[in-house]
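In what follows, residues are counted from 1 in the order of the sequence shown.
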Amino acid sequence: GAVSQIESVEIWASPKITVHMPEVVLNTEENELVSTYMTDILTLLQERMAKYILGTDTTSHEEFREKLKEYHIEEVTQCYQDACDRFNAR
């Protein structure tokens with residue numbers, strides 16, 4: 001009801017950061033890979049978001065996932081996972 005909506009607004013309006021992400025550092029090889037692919041990935045995401053908001057997106061979620069794979073999202077994600085694993089192992 002209205003009470004939960006008001007509570008939700010108050011929660012989302014308060015700029016408290018309760019989750020802190022570790023300051024992970026990519027190594028040279030990872031940084032090069034991420035630099036190579038991330039701009040195209042972000043562009044794809046922004047274009048998809050705009051089309052989704054405008055209601056002009058005709059691709060399925062599965063098609064979008066496959067497109068991200070073509071843009072090497074799995075390799076980029078693995079770079080960040082490896083960096084996070086190194087951080088956690090120290």
Side-chain angles (χ1 to χ4, degrees):
V3 174
S4 62
Q5 289 176 345
I6 292 170
E7 290 171 349
S8 296
V9 169
E10 290 172 354
I11 290 169
W12 285 101
S14 63
K16 295 178 188 172
I17 298 174
T18 57
V19 176
H20 297 280
M21 298 300 292
E23 293 289 328
V24 298
V25 178
L26 300 174
N27 64 30
T28 303
E29 181 181 313
E30 292 164 342
N31 193 45
E32 288 175 5
L33 189 140
V34 169
S35 296
T36 299
Y37 298 121
M38 204 57 187
T39 300
D40 290 339
I41 291 170
L42 291 174
T43 300
L44 179 68
L45 291 171
Q46 290 170 344
E47 289 173 355
R48 166 78 186 231
M49 187 183 340
K51 288 179 182 178
Y52 182 81
I53 291 168
L54 294 172
T56 60
D57 186 15
T58 58
T59 58
S60 70
H61 182 69
E62 190 57 40
E63 290 171 323
F64 182 63
R65 288 178 52 142
E66 289 304 314
K67 189 68 157 177
L68 281 170
K69 288 178 184 179
E70 291 172 20
Y71 279 53
H72 304 276
I73 191 69
E74 292 175 332
E75 292 91 334
V76 169
T77 302
Q78 189 61 53
C79 288
Y80 283 105
Q81 183 62 57
D82 292 346
C84 190
D85 291 345
R86 284 193 304 275
F87 177 87
N88 289 332
R90 58 184 184 100

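Residues Cys84 and Val24 come closest through the heavy atom pair CA-CG1, 3.6 Å. Looking at every heavy atom in both residues, Leu33 comes nearest to Cys79 through CD2-SG, 3.8 Å. Closest approach of Val76 and Val34 over heavy atoms only: CG1-CG2, 4.1 Å.
Within the structure, ring-ring contact (aromatic ring centres under 6.0 Å, His included) pairs that include any residue of residues 34-88 comprise Tyr37-His72 (at least two apart or interchain). Note on residues 78-90: pairs passing salt bridge (charged side-chain N to carboxylate O under 4.0 Å, His left out), not counting sequence neighbours, are Glu30-Arg86.
Ile53 belongs to a hydrophobic cluster whose remaining members, ordered by chain and number, are Met49; membership requires side-chain heavy atoms of ILVMFWY residues under 4.5 Å apart, directly or through intermediates.
Residue Thr59 is tested with Glu66, Arg48, Lys67 for a side-chain hydrogen bond (donor to acceptor under 3.5 Å, both in side chains); the sole match is Arg48.
By the 6.0 Å contact criterion, CD on Glu63 is enclosed, its count of non-hydrogen atoms from other residues, nucleotides or ligands being greater than 12.
With sequence neighbours excluded, no residue forms a side chain to side chain contact (heavy atoms under 4.5 Å, CB included) with Thr58. Qualifying side chain to side chain contact (heavy atoms under 4.5 Å, CB included) partners for Thr56, counting only residues two or more places apart in sequence or in other chains: Lys51, Leu54.
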Give every donor-acceptor pair under 3.5 Å between a side-chain atom in residues 38-47 and any protein atom, sequence neighbours left out.
residue	atom	partner	partner atom	Å
Thr43	OG1	Thr39	O	2.9

